Amino acid sequence: TLETYPRLPSVRLYQMVKERGYPGSESHFRRIIGGLRPRRKVEAFLRLRTLPGEQAQVDWAHFGSIPIGKALRTLWAFVMVLSYSRVIYVRFFVSARMPSFLSGHVGAFHAFGGVPRILLYDNLKSAVLERKGDAIRFHPTLLELASYYRFGPRPVAPRRGNEKGRVERAIRYLRTNFFVARPFTDVDDLNRQVSAWCQGPVRERRWPQDKSKTVMQAFEEEGPTLQSLPDDDFPCQETLSVTVGK
């Protein structure tokens, strides 16, 4: 039966064997089934390593809703993490539209004091407009940002979570170690708190590649390898076309 229905619950199997006269307890039967149930093949992933200043990973994360006036707005977190040192930049927005996306990049580059050479994206609408096989059509505004700061945008391969595992772990770390049970008055207050968190506890934690170092010590190695910032920031303001009557 398990070969035909490998995901059949143990409760259902226990009912079937009881009808055939099985006298044992359910807990003992569950242990038997645990050893007999066919296991799915686990896919092996290559652990990815990057050089200092080579790459950062970017993603949006959803954090529920907050009241603004009489309206209920969606709360989003823009997250960028340097792949080598694991330094994290976070900024909360009430919109995941392009102006917020651009502003998150500019804020992250200033927080890092430079720009990595490659930025890795999930299939975000703000980054990838269309994808057919290996053919990628990036958002033209993202390409303008990339040319202004001299970085190369790269999308992750479909269903390859290991390629952007650093930003996914950073988002999970943000949820469990910062956001949960966190009181705040508004988005500005939340951003002040998360900025202090990114500058303090995030950089004081142990560096995953070498437990004898902190993330801050790894960032001290990576910081000088980042590309320099331009004199002026990329324009992030939202542009709206309006019609004015007489």
Side-chain angles (χ1 to χ4, degrees), residues 42-51 53-65 73-109 111-112 114-179 191 194 198 202 208 215 222 226-227 234 236 238:
V42 179
E43 186 177 1
F45 291 99
L46 179 66
R47 183 182 293 275
L48 302 178
R49 294 269 178 112
T50 58
L51 297 173
E54 178 187 1
Q55 183 196 94
Q57 299 181 9
V58 181
D59 207 353
W60 282 111
H62 179 243
F63 281 81
S65 302
R73 300 292 299 274
T74 303
L75 184 63
W76 294 94
F78 174 90
V79 183
M80 185 184 294
V81 56
L82 292 174
S83 297
Y84 177 78
S85 63
R86 307 314 204 276
V87 167
I88 303 171
Y89 173 82
V90 181
R91 185 177 174 187
F92 288 92
F93 296 92
V94 292
S95 168
R97 297 174 64 183
M98 183 58 74
S100 302
F101 191 58
L102 298 175
S103 181
H105 282 79
V106 174
F109 297 153
F112 298 152
V115 184
R117 287 158 180 76
I118 295 173
L119 260 64
L120 203 63
Y121 299 91
D122 201 349
N123 293 306
L124 303 170
K125 292 182 179 179
S126 302
V128 178
L129 292 180
E130 188 178 6
R131 183 171 194 156
K132 291 185 178 179
D134 294 332
I136 306 293
R137 184 161 70 94
F138 286 104
H139 197 293
T141 307
L142 175 65
L143 295 179
E144 290 180 26
L145 180 75
S147 63
Y148 191 84
Y149 286 102
R150 307 185 308 279
F151 68 84
R154 298 283 187 276
V156 299
R159 296 178 295 278
R160 282 292 180 268
N162 66 312
E163 293 185 6
K164 60 181 181 69
R166 287 167 173 79
V167 71
E168 289 187 343
R169 284 191 292 273
I171 291 172
R172 188 163 59 246
Y173 181 57
L174 173 67
R175 292 187 192 280
T176 58
N177 287 266
F178 173 80
F179 191 76
N191 279 325
V194 79
C198 288
V202 167
V215 168
E222 184 172 31
L226 296 171
Q227 300 180 101
F234 186 82
C236 303
E238 185 171 9

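By convention here, the first residue in the shown sequence is residue 1. Since we're looking at a predicted model, the values are computed, not measured.
His62 and Gly64 get closest at one heavy-atom pair: NE2-O, 3.4 Å. When all heavy atoms are compared, the tightest approach of Ile136 to Val128 is CG2-CG1, 4.2 Å. In terms of heavy-atom proximity, Ser126 sits nearest to Met98 at O-CE, 3.3 Å. Across all non-hydrogen atoms, the minimal contact from Phe138 to Pro155 is CZ-CD, 3.5 Å.
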Pair Leu82-Tyr89, side-chain contact (heavy atoms from CB on, under 4.5 Å): steps then yes or no: CA-CA 9 Å; Leu82 292 174; Tyr89 173 82; over 6 Å; no
Show your reasoning for whether side-chain contact (heavy atoms from CB on, under 4.5 Å) applies to Cys236 and Val106. CA-CA 8 Å; Cys236 303; Val106 174; 3.6 Å; yes
Taking it one step at a time, do Arg166 and Glu168 satisfy salt bridge (charged side-chain N to carboxylate O under 4.0 Å, His left out)? CA-CA 5 Å; Arg166 287 167 173 79; Glu168 289 187 343; over 6 Å; no
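Side-chain contact check for Leu142 versus Tyr121: some heavy-atom pair is nearer than 4.5 Å. Between Pro116 and Leu226 the shortest side-chain heavy-atom distance falls below 4.5 Å. You'll find the side chain of Pro208 reaches within 4.5 Å of the side chain of Arg86, heavy atoms only. Annotation: side chain of Thr74 is not in contact with side chain of Phe63 (no heavy-atom distance under 4.5 Å). Side-chain atoms of Phe112 and Val87, non-hydrogen and from C-beta on, do get closer than 4.5 Å to each other. Counting heavy atoms from C-beta outward, Phe101 and Thr141 have side chains that stay 4.5 Å or more apart. Annotation: side chain of Val58 is not in contact with side chain of Val167 (no heavy-atom distance under 4.5 Å). In this structure the side chain of Leu119 never reaches within 4.5 angstrom of the side chain of Pro153, judged on heavy atoms.
The CD atom of Gln57 sits 13.5 Å away from the CZ atom of Arg154 when rounded to the nearest 0.5 Å. The structure places CG of Leu120 at 11.0 Å from CE of Met80, a figure rounded to the nearest 0.5 Å. Taken to the nearest 0.5 Å, the CZ atom of Arg97 stands 4.0 Å off from the CD atom of Glu238. One finds the CG atom of Asp59 at 4.5 Å from the CD1 atom of Ile171 (value rounded to the nearest 0.5 Å). To the nearest 0.5 Å, the span separating SG on Cys198 from CG on Leu174 amounts to 7.5 Å. Residue Arg117 holds its CZ atom at 13.5 Å from CZ of Phe151, rounded to the nearest 0.5 Å.
With Ser83 contributing its side chain and Thr50 its backbone, the two residues share no donor-acceptor pair below 3.5 Å. Checked by atom type and distance alone, the side chain of Glu222 pairs as donor or acceptor with a backbone atom of Ser85 at under 3.5 Å. Thr176 contributes a side-chain N or O that, together with a main-chain N or O of Arg172, makes up a donor-acceptor pair within less than 3.5 Å.
Residues satisfying the side chain to side chain donor-acceptor pair (under 3.5 Å) criterion with Gln227, sequence neighbours excluded, are absent altogether. Annotation: salt bridge (charged side-chain N to carboxylate O under 4.0 Å, His left out) contacts of Arg169 (sequence neighbours excluded): none. By the ring-ring contact (aromatic ring centres under 6.0 Å, His included) test, Tyr148 is found to be paired with Phe234, residues two or more places apart in sequence or in another chain being considered.
A donor-acceptor pair shorter than 3.5 Å can be found between the side chains of Ser103 and Arg91.
Aromatic ring pairs are classed by plane angle as parallel below 30°, tilted from 30° to 60° and perpendicular above 60°; the pair His105 and Phe78 is tilted. The aromatic rings of Trp76 and Trp60 sit perpendicular, their planes meeting at an angle over 60°, well past the 30° parallel limit.
Other residues, nucleotides and ligands place more than 12 heavy atoms under 6.0 Å from the CZ atom of Arg175.
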